[in-house]
Amino acid sequence: MDIYRADTKKENSISFDGRTLLCADITEDDMICLAFKGPGEEGSGEAVLEIYDKSGKKRGEAAFDEAISHICVNGFYVAVSHGDTVDIVNSKGKIKKTFETPSPVKYAAPFSNGNAAVIFSGGNTTIMK
């Protein structure tokens with residue numbers, strides 16, 4: 001992934017190194033979030049979320065035991081959907097909150113303070129705090 005400045009000069013690149021991209025969110029001004037399939041080694045997890053600033057410098061990462069199905073950024077927080085769970089992750093890759101749902105999550109979006117999320121699961125829309 002190449003990153004360009006407003007004056008169209010290339011600033012940086014983020015290498016995927018042959019990894020499989022599961023999903024991404026690049027909608028915020030200073031937060032690039034990429035979810036990759038894990039390497040499949042014992043104890044390594046099924047997926048990794050990597051967080052970069054707008055210049056391509058890595059801020060943090062978080063590993064998950066299930067494949068990530070969706071991510072959504074709002075402010076400095078990311079809602080990471082995997083299975084029946086949504087984790088709210090800060091810009092450094094630390095999990096702030098975890099929400100469990102009775103059925104697989106279709107979509108989740110964090111509130112900008114990271115304390116709650118709108119979650120779509122099993123035909124229901126719920127605000128979880």
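These numbers were taken from a predicted model, which means no experiment stands behind them. Values below: all heavy atoms of this structure, side chains included; hydrogens, waters and symmetry mates excluded.
Surrounding CG of Asp2 are more than 12 heavy atoms belonging to other residues, nucleotides or ligands, all under 6.0 Å away. Atom CZ of Phe111 is surrounded by more than 12 heavy atoms from other residues, nucleotides or ligands within 6.0 Å. By the neighbour-count criterion of 12 heavy atoms within 6.0 Å, atom CD1 of Ile26 is sparsely surrounded, having that number or fewer from other residues, nucleotides or ligands.
Taking the charged nitrogens against the carboxylate oxygens, Lys94 and Glu61 have no contact shorter than 4.0 Å, which rules out a salt bridge. Under a 4.0 Å N-O distance rule, the pair Lys54/Asp30 does not qualify as a salt bridge.
Contact record, Ser81 with Val105: OG-CG1, 3.5 Å, taken as the closest heavy-atom pair. Across Lys129 and Ala116, no two heavy atoms sit closer than the pair CG-CB, 3.8 Å. When every heavy atom of Ile88 is checked against every heavy atom of Gly114, the shortest pair comes out as CG2-O, 3.6 Å.
Within the 4.5 Å cutoff, the side chain of Leu34 has heavy atoms near those of the Phe16 side chain. Asn90 has its side chain out of reach of Phe76: every pair of non-hydrogen atoms, C-beta onward, lies at least 4.5 Å apart. By the 4.5 Å heavy-atom criterion applied to side chains, Cys72 and Pro110 are counted as neighbours. No side-chain heavy atom of Ile32 sits under 4.5 Å from any side-chain heavy atom of Ile51. Considering only heavy atoms from C-beta on, Asn115 comes within 4.5 Å of Lys96 through its side chain. Within the 4.5 Å cutoff, the side chain of Ile95 has heavy atoms near those of the Phe64 side chain.
Here the OH-CD1 distance, from Tyr52 to Ile14, works out to 5.0 Å after rounding to the nearest 0.5 Å. Here OG of Ser55 is found 5.0 Å from CD of Glu11. Values are rounded to the nearest 0.5 Å. Taken from CG in Leu21 to CZ in Phe36, the straight-line distance is 5.5 Å, to the nearest 0.5 Å. In this structure, CE on Met31 lies 8.5 Å from CG on Asp25, to the nearest 0.5 angstrom. Separating the CD atom in Glu28 from the SG atom in Cys33 is a distance of 9.0 Å, to the nearest 0.5 Å. Note that CE of Met128 and NZ of Lys97 are 10.0 Å apart. Values are rounded to the nearest 0.5 Å.
No side-chain N or O of Asp84 forms a donor-acceptor pair with one of Thr101 less than 3.5 Å apart. A donor and an acceptor atom, one from each side chain of Lys57 and Asn12, are nowhere located under 3.5 Å apart.
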Using residues 118-125 as the side-chain source, report each donor-acceptor pair under 3.5 Å to any protein atom, sequence neighbours left out, with the distance given to one decimal.
{"from": "Ser121", "atom 1": "OG", "to": "Ser103", "atom 2": "O", "distance (Å)": "2.8"}
{"from": "Ser121", "atom 1": "OG", "to": "Ser103", "atom 2": "OG", "distance (Å)": "2.9"}
{"from": "Ser121", "atom 1": "OG", "to": "Pro104", "atom 2": "O", "distance (Å)": "3.4"}

> Does the side chain to side chain contact (heavy atoms under 4.5 Å, CB included) test come out yes or no for Ile3 and Ser13, once each step is laid out?
Replying inline: CA-CA 6 Å; Ile3 300 168; Ser13 292; over 6 Å; no

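Looking at Asp87, its side chain never comes within 3.5 Å of a backbone N or O of Val89 through a donor-acceptor pair. For the pair Asp17 (side chain) and Arg19 (backbone), a donor-acceptor distance under 3.5 Å is absent.
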